[in-house]
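Just so we're clear, the structure is a prediction, and the values are computed from it rather than from any experiment. In what follows, chains are A, B, ... by sequence order, proteins preceding strands, each numbered from 1.
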There are 2 protein chains.
Amino acid sequence: MSRADALSPARLKDAAPLFAALGDATRLGLLVSLCAGGPLTVTRLSGQFAVSRQAITKHLDVLAEAGLVTSSRQGRERIWTFEPKRLEDAHHYLERLSREWDVALGRLKAFVET
Amino acid sequence: MSRADALSPARLKDAAPLFAALGDATRLGLLVSLCAGGPLTVTRLSGQFAVSRQAITKHLDVLAEAGLVTSSRQGRERIWTFEPKRLEDAHHYLERLSREWDVALGRLKAFVET
DNA sequence: AAGAAATGCAACAAAATGGTTGCATCAATC
DNA sequence: GATTGATGCAACCATTTTGTTGCATTTCTT
């Protein structure tokens with residue numbers, strides 16, 4: 001991957017669903033719970049929120065789709081685990097945007113001084 | 001602000017709309033354009049996307065609501081400008097989540113070694 | 001003053017989102 | 001084997017989001 005295509009349309013379509021998954025207070029709360037409290041079941045997680053277990057399941061599905069959590073079946077329960085890799089992706093994307101901005105400011109400065 | 005409440009419910013409700021605004025490919029594209037190409041008008045911006053000018057206006061309104069862009073009227077046109085500050089907020093939030101995760105891993109390691 | 005360019009505003013439609021309830025299924029325990 | 005606990009699945013509903021079109025308004029230009 002070159003620096004040049006770091007903000008290409010293709011990458012936008014990759015980053016957008018990731019940010020969209022982060023764009024909900026309940027889902028952020030789920031991530032915090034899974035971060036701090038380790039892997040948990042849906043039933044356990046839904047006890048911490050004001051919505052039904054089924055609603056939490058849907059949120060977890062969204063997070064899983066975005067790659068922010070994974071799950072595995074253990075007996076009669078399903079364990080959900082935080083996945084830090086994709087958080088890095090979001091992090092990097094924001095950094096690239098910031099850098100692009102700085103570069104643009106640099107160009108502007110150079111132009112003004114000419 | 002203490003480290004302890006860095007991921008409090010109050011902060012979730014602040015961070016969620018910010019990520020939600022970033023969670024759309026068209027809006028990310030708009031930010032990239034405003035980053036790289038400097039302040040632009042709606043008409044100019046909408047030339048780069050496959051949707052109508054009015055749709056772009058709505059996207060810009062969403063970005064403005066999240067504090068990611070600002071606008072000012074100049075004669076008959078309105079100029080939209082990228083606002084890097086809120087990007088920092090998103091950046092910091094992701095960092096706090098990562099740190100929380102690292103702390104949890106540390107606790108786990110200490111527990112296993114006991 | 002007239003026309004063109006840029007934006008603003010409103011009504012509308014389609015699709016996605018976030019939530020519910022009810023019931024079925026699967027696994028553990030007594 | 002009957003019961004309980006955890007999950008899965010489906011239908012349904014309300015709201016929000018994302019887009020459209022049409023028209024009005026404002027401002028520049030000739």
Apply ring-ring contact (aromatic ring centres under 6.0 Å, His included) to A:His92 and list each qualifying residue two or more places apart in sequence or on a separate chain. none
Without decimals, in angstroms, what is the distance between A:Ile56 CD1 and C:dG18 C1'? 11 Å
Write down the atom of B:Ala66, the atom of B:Leu18, and the distance for their closest heavy-atom approach. O-CD1, 4.0 Å
Write down the protein N/O and nucleotide N/O pairs, taken from nucleotides 12-19 of chain D, whose separation is under 3.5 Å; answer none if there are no such pairs.
from   : atom 1 : to      : atom 2 : distance (Å)
D:dT18 : OP2    : B:Arg27 : NH1    : 3.1
D:dG19 : OP2    : B:His59 : NE2    : 2.2
D:dG19 : N7     : B:Lys58 : NZ     : 3.0
D:dG19 : O6     : B:Lys58 : NZ     : 2.3

With B:Thr81 via side chain to side chain donor-acceptor pair (under 3.5 Å) - residues at least two apart: none
Counting only heavy atoms from other residues, nucleotides and ligands, does the tally under 6.0 Å from CZ of A:Arg78 exceed 12? yes
Determine whether a donor-acceptor pair (one donor, one acceptor, N or O, separation below 3.5 Å) exists between the side chain of A:Gln54 and the base of C:dG18. no
Rounded to the nearest Å, what distance is computed from the CG atom of residue A:Leu45 to the P atom of nucleotide D:dA6? 13 Å
How close or far is atom P of D:dT20 from atom CZ of B:Phe49, stated in whole angstroms? 13 Å
Are any non-hydrogen side-chain atoms of A:Phe49 and A:Ser33 less than 4.5 angstrom apart? yes
Give me the residues of residues 74-83 of chain B where at least one heavy atom lies under 4.0 Å from an atom of DNA chain C, by number, or none. B:Arg76, B:Glu77, B:Arg78
Using whole Å, report how far CG of A:Asp61 lies from C1' of C:dA16. 16 Å
Could you say whether B:Thr41 or A:Arg73 is positioned toward the 5' end of DNA chain C, judged by the nucleotide with the nearest heavy atom to each? B:Thr41
Please, which pairs that meet side chain to side chain donor-acceptor pair (under 3.5 Å) have at least one residue in residues 52-65 of chain A, sequence neighbours excluded? A:Arg27-A:His59
Testing the basics here: between B:Phe82 and B:Leu34, what is the closest heavy-atom pair and its distance to 0.1 Å? CB-CB, 4.0 Å
Aromatic rings A:Phe19 and B:Phe19: how do their planes relate, parallel, tilted or perpendicular, breaks at 30° and 60°? parallel
Interatomic distance, A:Arg53 CZ vs D:dG5 P [rounded to whole Å]: 13 Å
Rounded to the Å, how far apart are A:Leu22 CG and C:dT17 P? 15 Å
Spacing of A:Leu63 atom CG relative to C:dT17 atom C1', expressed in whole Å: 14 Å
Could you pull out all residues at least two apart from B:Asp89 that satisfy side chain to side chain donor-acceptor pair (under 3.5 Å)? B:Arg86
